[in-house]
Amino acid sequence: MPRGSTQSRNHPPKGATLKVEPIRDLEAISEIKRYLSGEGNWRDYCLFTLGINTAFRASDLLSLTVGQVENLEPGDLLEIKEKKTRKYRAVTVNKTAYYALRVWLNAHPARSDPDAPLFLSQRRRAALCVSSVNRLVKKWCRYGGLHGQFGSHTMRKTWGYQQRKANDASLPLLMSAFGHRTEAQTLEYLYIQPRELRDLFFGLEL
């Protein structure tokens with residue numbers, strides 16, 4: 001970077017992109033949750049848990065209000081109008097996400113106001129911004145003992161990565177969830193080497 005440049009490492013030049021990674025280690029996920037719950041930081045615990053269990057973008061999670069989630073039960077659909085696509089997308093709330101929501105709603109300073117942002121900034125009565133989530137995710141990953149490039153997209157990438165690796169989700173399903181057009185795009189997004197290519201290196205040893 002040229003001397004005197006104000007370009008941040010976390011903000012690539014115009015036209016370039018900064019790729020962030022998923023969390024590959026399930027124990028690191030557990031460690032981050034233990035850290036956040038141990039601190040009693042239920043807002044961040046809920047944000048992290050929703051992020052890795054719904055695959056919504058951070059900007060869409062931050063658009064949520066108390067009223068949109070206060071009556072949800074496990075198995076219910078949570079529907080959000082995505083800011084990027086302007087289309088509605090619904091996901092099923094699992095028990096882990098439900099628990100995180102209940103714990104945070106019980107501690108939420110504006111839980112009686114259905115129009116209040118679900119993820120309030122601690123400094124003002126407005127929703128967190130994506131840049132703040134980027135910083136938070138980096139901090140959480142450090143506490144999880146992780147090294148690499150992490151940011152707000154890490155949460156939804158983690159959902160996809162673990163669905164593929166631990167739950168054996170099909171690529172067409174993941175493509176649909178992420179709105180991708182090709183399997184190659186999804187594999188690259190999730191930092192996953194195609195199985196066919198991986199098997200080449202084990203199928204014949206010279």
Side-chain angles (χ1 to χ4, degrees), residues 1 5-14 16-23 28-70 72 78 80-86 89 91 93 96-97 99-111 113-161 178 189:
M1 184 181 298
S5 171
T6 58
Q7 182 69 45
S8 167
R9 290 189 311 166
N10 296 322
H11 294 83
K14 187 176 181 180
T17 57
L18 178 66
K19 291 186 177 181
V20 299
E21 304 169 43
I23 300 174
I29 292 174
S30 297
E31 184 61 33
I32 291 170
K33 287 185 176 182
R34 282 193 291 268
Y35 160 68
L36 293 173
S37 61
E39 293 285 309
N41 193 338
W42 299 117
R43 182 201 67 179
D44 290 4
Y45 179 90
C46 182
L47 177 58
F48 178 68
T49 303
L50 276 187
I52 64 173
N53 279 277
T54 65
F56 281 123
R57 295 178 183 86
S59 58
D60 298 324
L61 290 174
L62 298 180
S63 73
L64 286 169
T65 63
V66 168
Q68 285 178 274
V69 300
E70 61 182 346
L72 288 175
L78 172 59
I80 300 179
K81 186 176 183 179
E82 296 181 314
K83 290 192 173 183
K84 182 176 181 179
T85 66
R86 311 307 299 170
R89 176 167 170 261
V91 303
V93 176
T96 300
Y99 170 77
L101 281 168
R102 297 318 308 171
V103 171
W104 169 226
L105 285 172
N106 287 337
H108 197 292
R111 59 184 175 273
D113 179 4
D115 295 321
L118 179 61
F119 297 110
L120 276 170
S121 168
Q122 293 178 342
R123 296 183 179 180
R124 53 196 179 93
R125 301 285 288 185
L128 281 169
C129 60
V130 174
S131 60
S132 295
V133 176
N134 267 314
R135 290 191 293 271
L136 287 171
V137 172
K138 292 176 193 295
K139 182 175 74 171
W140 302 338
C141 288
R142 286 196 299 271
Y143 275 100
L146 300 171
H147 303 280
Q149 294 285 355
F150 301 102
S152 63
H153 271 268
T154 288
M155 295 188 290
R156 75 191 302 254
K157 287 189 177 190
T158 297
W159 176 83
Y161 181 91
F178 288 118
Y189 184 74

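Being a predicted model, the structure only gives us computed values, none of them experimental.
- In plain terms, the two heavy atoms of G151 and N134 that are nearest each other are CA-OD1, 3.3 Å.
- The cationic atom of R43 (NZ for Lys, CZ for Arg) does not lie both less than 6.0 Å from the six-membered ring centre of F119 and within 45° of the ring axis.
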Show your reasoning for whether side chain to side chain contact (heavy atoms under 4.5 Å, CB included) applies to K83 and S63. CA-CA 9 Å; K83 290 192 173 183; S63 73; 4.1 Å; yes
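- A salt bridge does not link E21 to K157: none of the charged side-chain nitrogens sits closer than 4.0 Å to a carboxylate oxygen.
- Contact of the W104 side chain with the L118 side chain is registered, since non-hydrogen atoms from C-beta on lie closer than 4.5 Å.
- Rounded to the nearest 0.5 angstrom, C141 SG and I32 CD1 are separated by 4.5 Å.
- To the nearest 0.5 Å, the span separating CG on L36 from NZ on K139 amounts to 8.0 Å.
- Side-chain contact between K19 and Q149 is absent, with no heavy atoms from C-beta onward closer than 4.5 Å.
- Within the 4.5 Å cutoff, no side-chain heavy atoms of H153 are placed close to those of V130.
- Annotation for R57 and E82: closest pair NH1-OE2, 3.4 Å, computed over non-hydrogen atoms.
- The heavy-atom pair separating V69 from R102 by the smallest distance is O-NH1, 4.4 Å.
- Taken from CG in L128 to OG in S152, the straight-line distance is 12.0 Å, to the nearest 0.5 Å.
- Taking F48 as the reference, W140 meet the ring pair (Phe, Tyr, Trp, His ring centres under 6.0 Å) condition, with sequence neighbours excluded.
- A heavy-atom distance below 4.5 Å is found between the side chains of L78 and L64.
- Of the inter-residue distances, the one linking L101 atom CG with T49 atom OG1 reads 9.0 Å to the nearest 0.5 angstrom.
- The structure places CG of D60 at 10.5 Å from NZ of K84, a figure rounded to the nearest 0.5 Å.
- A perpendicular orientation is assigned to the rings of W42 and Y45, their planes being inclined by more than 60° (bins at 30° and 60°).
- Counting heavy atoms from C-beta outward, I52 and I23 have side chains that stay 4.5 Å or more apart.
- Between E31 and R34, the shortest heavy-atom contact is OE1-NH2, 2.8 Å.
- Using a 4.5 Å heavy-atom cutoff, the side chains of Y161 and Y189 are not in contact.
- Here the CG-CD distance, from L120 to Q122, works out to 9.5 Å after rounding to the nearest 0.5 Å.
- Neither side chain, R142 nor Y35, offers a donor N or O lying under 3.5 Å from an acceptor on the other.
- Taking 4.5 Å as the limit, every side-chain heavy atom of L136 sits out of range of all side-chain heavy atoms of K138.
- Using a 4.5 Å heavy-atom threshold, the side chains of D115 and T65 count as separate.
- For H108 against A116, the heavy-atom pair with the smallest separation is CE1-CB, 4.4 Å.
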For the pair V103 and C46, evaluate side chain to side chain contact (heavy atoms under 4.5 Å, CB included) and give the outcome as yes or no after the intermediate values. CA-CA 8 Å; V103 171; C46 182; over 6 Å; no
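- Remark: side-chain polar atoms of T54 are paired, donor with acceptor, to backbone N or O of L50 under 3.5 angstrom.
- The two residues A55 and R89 have their closest heavy-atom pair at O-NH1, 3.5 Å.
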